[in-house]
Structures are given as C-alpha cells and as structure tokens.
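All remarks here apply to the structure that follows.
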Amino acid sequence: HLCFMKIIPVILSGGSGTRLWPISRNQFPKQFCELLDKPLQTLTIERLQKYGPGLLITGEKLKDMTERDIIQNKHNIEKVLYEPFAKNTAAAVALACKYLEITNRTQEVIGVFPSDSLILKNKEFETALEVAAKSAAEGYVVTLGIKPRGPEIGFGYIQVKERALNTQKSTEVLKFHEKPTVEVAQKFIADGHYFWNAGIFIFKVHKMIEHFKKHEPDIWNAFVDLKNDLSNLKTIYKDIKSISVDYAIVEKLSSSDLRCIPCDIGWSDVGSWDAL
C-alpha cells in the first residue's frame with residue numbers, strides 16, 4: 001500500500017465539451033454525461049478522494065448540477081469555487097492558489113486535474129502522482145506526460161530529456177510543443193522523447209504564486225483584493241484575461257523549474273465521439 005503524500009486535489013470543471021454534441025452541450029457539459037458507467041466528473045472526484053477533500057472549480061451556470069452531483073454521490077469536497085465567467089485555466093489556477101493563500105496553505109502541494117478526463121489505470125496513476133508530489137515538494141512544477149498512442153494532433157506535446165517510460169522517476173522537461181501537424185506528430189512519435197500534455201499539474205502553492213507574480217502579474221494582482229468570503233469575485237473576474245495556465249505560466253518556465261513524469265495511466269480526454 002502506497003503511503004500517500006499529501007496532495008490537495010483541485011478539479012477544474014469548466015469545459016462545455018461541445019464536440020460530443022448532442023449529448024454534451026453548454027447547459028449539460030460532458031463531465032456530467034453518463035458516457036460510461038458513471039459521469040466523468042464523478043469518476044475523477046472518486047479517483048482523488050483518497051487524497052482528502054479537494055477544491056472543485058466550475059462555472060456559476062453549473063451550480064445546480066454541481067450541488068446535485070455532490071449530494072447524490074456523497075462527494076467529499078472541501079469547497080466549490082464558482083467562477084462568474086469562464087476565463088480559461090490560468091484564472092482558475094490563480095483562484096485556487098489565492099483561496100489556499102487566504103486559508104494559510106501556501107506550503108501545501110496541490111494537484112490540478114481536468115474533471116472530464118478518463119484514467120483507466122489507477123495504480124499507475126497513483127504511483128505517478130506519488131513521484132510528482134515528491135518532486136513538487138522540492139519546488140518543481142510537475143506535469144504528467146502521457147505515452148502517446150499515435151500521432152494525435154489534438155494535444156500539445158511535452159519533450160523530455162529521457163525517453164524511458166519510467167513512472168517511478170521525474171525527468172527534465174526540454175520544451176512544450178503546441179498541437180502539431182500530422183507530419184510533425186509522426187516525427188514526435190518516432191523520436192520517443194515526446195509525451196502528451198494532459199493538463200495535469202502538481203506544484204507547491206507558493207511556487208505557483210511566485211510564477212504568477214513573475215509571468216502574469218496582471219492576473220495575480222487582480223486577486224489581491226479578493227475578500228475572504230469571495231463576495232467580490234465577479235468584479236475581479238470581469239477584467240481577467242482568458243488564457244490557459246499552459247500558455248500563461250507552464251510554457252514560460254525554464255527547464256530548471258519543470259519536471260515531467262512520463263507515464264501510461266490509460267488516459268483519454270474523451271474529447272470527441274472518436275475518442276469515446
């Protein structure tokens with residue numbers, strides 16, 4: 001039995017999953033659809049329960065559905081942070097860090113997870129997270145790199161130093177690459193040093209705050225006046241720019257700040273009917 005490193009799970013439940021229309025749409029996004037035996041969000045929360053009650057960040061529009069989901073499934077969630085506007089993942093991660101700063105937990109390690117990804121190999125996932133948490137405790141921003149199943153053009157790629165698929169070890173990140181063309185993706189696959197970016201990040205709260213202050217001061221400064229009861233969140237969110245945490249922060253970090261755990265955790269973003 002693994003001795004679990006302390007990780008605060010932060011689940012991002014934003015997207016509308018419109019490529020799965022007509023089942024998934026804005027009012028009823030894919031993380032709530034029963035595409036499998038349970039909705040993806042339920043599976044995600046259940047997978048992370050053993051790390052303790054986490055935070056769920058979602059849109060105000062999904063409030064009723066979210067509350068119902070938590071009650072029906074008896075999910076153990078510390079707090080749901082409702083975003084007044086969808087502003088992509090950088091704002092959501094900054095909000096999580098700010099909330100943890102307000103509650104005096106900047107020394108904690110947190111893991112950021114999309115709510116609508118499927119992970120089939122739980123044991124491998126837990127091992128990878130364990131290694132990631134240790135690396136994050138040392139001050140790195142750590143990402144899980146998914147072993148590619150083919151030259152997929154729908155994902156960004158992480159180029160790492162060591163090509164071995166070693167879930168037990170974190171490796172240096174050389175570069176992030178945007179969604180490639182088919183030709184480029186085929187080269188990546190043949191090369192072997194490239195892994196899919198699943199949008200799963202593990203880091204120490206105060207480290208991420210430092211990175212925000214350096215690389216996206218406007219986003220971080222917007223949160224300076226956030227009241228402890230979050231009552232003025234709408235005012236703050238109105239002017240925050242909409243950008244992914246990948247673009248805003250992670251891709252700007254140097255190799256000395258980043259680590260990747262290359263792994264095969266049976267991951268899928270179930271982004272389309274094809275993927276399903």
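All heavy atoms count here, side chains included; hydrogens, waters and symmetry mates do not. Here, residue 1 is the first one in the sequence, and each next residue gets the next number.
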Hey, are the side chains of [X] and [Y] touching, using non-hydrogen atoms and a 4.5 Å cut-off?
X	Y	value
Thr66	Tyr82	yes
Asp116	Gln41	no
His211	Asp257	yes
Ile70	Val80	yes
Ile7	Leu129	yes
Thr143	Leu258	no

Name the atoms and distances for all side-chain donor-acceptor pairs under 3.5 Å in residues 188-201, with sequence neighbours left out.
{"residue": "Asp191", "atom": "OD1", "partner": "His193", "partner atom": "N", "Å": "3.0"}
{"residue": "Asp191", "atom": "OD1", "partner": "His193", "partner atom": "ND1", "Å": "2.7"}
{"residue": "Tyr194", "atom": "OH", "partner": "Gln159", "partner atom": "NE2", "Å": "3.3"}
{"residue": "Trp196", "atom": "NE1", "partner": "Tyr157", "partner atom": "OH", "Å": "3.1"}
{"residue": "Asn197", "atom": "OD1", "partner": "Gly199", "partner atom": "N", "Å": "3.0"}
{"residue": "Asn197", "atom": "ND2", "partner": "Asp246", "partner atom": "OD2", "Å": "2.8"}

Calculate, to the nearest 0.5 Å, the distance between atoms [atom1] and [atom2] belonging to [X] and [Y] respectively.
X	Y	atom1	atom2	result
Arg68	Asn73	CZ	CG	11.0 Å
Phe125	Ile261	CZ	CD1	12.0 Å
Tyr140	Cys260	OH	SG	14.0 Å

Would you check if the side chain of [X] reaches a backbone N or O of [Y] as a donor-acceptor pair within less than 3.5 Å?
X	Y	value
Thr44	Ser115	yes
Glu172	Ser256	no
Glu152	Gly154	yes
Lys134	Glu130	no
Thr58	Ser13	yes
Ser117	Phe113	no
Asn221	Pro217	yes
Asp229	Ser231	yes

- Message: Among Glu216, His215, Glu178, Lys252, which residue satisfies the side-chain hydrogen bond (donor to acceptor under 3.5 Å, both in side chains) criterion with Tyr247?
- Response: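 The single option meeting the side-chain hydrogen bond (donor to acceptor under 3.5 Å, both in side chains) with Tyr247 is Glu178.
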
Test: [X] and [Y] ion pair at under 4.0 Å:
X	Y	answer
Arg105	Glu78	yes
Glu101	Lys98	yes
Glu46	Lys38	yes
Glu126	Arg47	no
Lys207	Glu210	yes
Asp218	Lys241	no

Write down the atom of [X], the atom of [Y], and the distance for their closest heavy-atom approach.
X	Y	value
Val142	Ser135	CG2-CB, 3.7 Å
Gly145	Ile158	CA-CD1, 4.2 Å
Ile77	Pro53	C-CB, 4.2 Å
Tyr51	Pro9	CB-CG, 4.0 Å

- Task: Can you run down the side chain to side chain donor-acceptor pair (under 3.5 Å) pairs that involve residues 84-97, sequence neighbours left out, and say none if there aren't any?
- Result: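 Listed once each, the pairs would be none.
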
- Which residues satisfy the ring pair (Phe, Tyr, Trp, His ring centres under 6.0 Å) test with Trp267, sequence neighbours excluded?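 Listed in chain order: Phe155.
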
- Judged by modelled atom types alone, do Thr42 and Asp69 share a side-chain donor-acceptor pair under 3.5 Å?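 Note: Thr42 and Asp69 side chains meet the donor-acceptor criterion.
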
Do [X] and [Y] belong to the same hydrophobic cluster, where Ile, Leu, Val, Met, Phe, Trp and Tyr are linked whenever their side-chain heavy atoms lie under 4.5 Å apart, directly or via other members?
X	Y	result
Ile146	Ile153	no
Leu174	Val250	no
Leu253	Val173	yes

